[in-house]
Amino acid sequence: MYNNERSIMCQFRSGVLPLRIETGRFNGEALNRFCNTGAIEDEKHFLFECSLYNNLRTTHSADIFNHDNSGTLDDKLVFAMTNHPRMSAKFLVHACIPT
């Protein structure tokens, strides 16, 4: 894993990646609507549900995020982080760092 992938994966896993659930807390925003869908932008929503990243999910890591549609988001998160940490890190890098 490259340094930027390691760094962003550590931020994600420790809950300090600047997602709206974290940044909104410091800005005094209520936890009700952070995404344009009305969902809270937490780690699971960011990885699996947010429509802003659909193309990125399809392009870079479709096999991780479409692995098992019957499991819960918690199951999918564990699967992605455990079985495909490098692909998950690459997705996070592309989603979080503007090119």
Side-chain angles (χ1 to χ4, degrees):
M1 235 186 251
Y2 294 108
N3 285 341
N4 63 340
E5 292 172 354
R6 251 187 245 115
S7 174
I8 208 157
M9 183 66 90
C10 288
Q11 290 175 46
F12 180 81
R13 293 188 73 168
S14 62
V16 296
L17 191 68
L19 299 176
R20 290 289 299 274
I21 193 162
E22 295 299 327
T23 60
R25 176 182 335 223
F26 294 110
N27 296 330
E29 296 177 21
L31 284 178
N32 55 10
R33 290 184 294 183
F34 287 146
C35 184
N36 60 356
T37 63
I40 297 171
E41 186 186 48
D42 62 1
E43 289 81 4
K44 291 176 272 191
H45 176 76
F46 178 74
L47 273 182
F48 303 110
E49 297 177 321
C50 190
S51 60
L52 292 173
Y53 305 104
N54 282 342
N55 289 339
L56 192 57
R57 272 185 220 100
T58 303
T59 305
H60 292 286
S61 41
D63 50 331
I64 296 173
F65 301 113
N66 297 326
H67 167 67
D68 183 9
N69 291 329
S70 64
T72 66
L73 290 180
D74 289 327
D75 296 335
K76 290 181 180 186
L77 181 62
V78 169
F79 175 81
M81 295 293 125
T82 304
N83 297 312
H84 298 287
R86 181 92 192 267
M87 290 179 87
S88 299
K90 285 184 178 199
F91 170 81
L92 291 170
V93 166
H94 288 288
C96 296
I97 300 173
T99 56

**Study point:** Exercise: identify the closest heavy-atom pair between V78 and T82
**Key:** O-OG1, 2.7 Å
Point to revise | Heavy-atom side-chain proximity of Y53 to F48 below 4.5 angstrom | key: no
**Study point:** Verdict with reasoning, R86 to Y2, per side chain to side chain contact (heavy atoms under 4.5 Å, CB included)
**Key:** CA-CA 9 Å; R86 181 92 192 267; Y2 294 108; 3.1 Å; yes
Practice item. List the atom of A89, the atom of I8, and the distance in Å for their closest heavy-atom pair. Key: O-CG2, 4.0 Å
Exercise for review: State the CG-SG distance between L56 and C96, to the nearest 0.5 angstrom.
Suggested key: 9.5 Å
Check your understanding: Any side-chain heavy atom of E5 within less than 4.5 Å of one from M9?
Key -> no
Review point. What heavy-atom pair brings L47 and L77 nearest, and what distance separates the two atoms?
Key: CD1-CD1, 3.5 Å
Revision key, fill the gap. Correct closest heavy-atom pair for S88 and M81 would be CB-CE, 3.6 Å
Check your understanding: Say you draw a straight line from CZ of R57 to OG of S51; how long is it, rounded to the nearest 0.5 Å?
Key -> 8.0 Å
Practice item. Would you check if the distance from the ring center of H84 to the ring center of F79 is below 6.0 Å? Key: yes
Study note, to complete from the structure: Rounding to 0.5 Å, atoms OG (S7) and CG (L92) come to a distance of 11.0 Å
Check your understanding: If we ignore angles and hydrogens, is there a donor and acceptor under 3.5 Å between the side chains of T58 and N55?
Key -> no
**Study point:** For F12, all residues meeting ring-ring contact (aromatic ring centres under 6.0 Å, His included), sequence neighbours excluded
**Key:** none
Practice item. May I ask you to decide if T72's main-chain N or O and D75's side chain share a donor-acceptor pair within less than 3.5 Å? Key: yes
Review point. Is the closest side-chain heavy-atom distance between E49 and L73 below 4.5 Å?
Key: yes
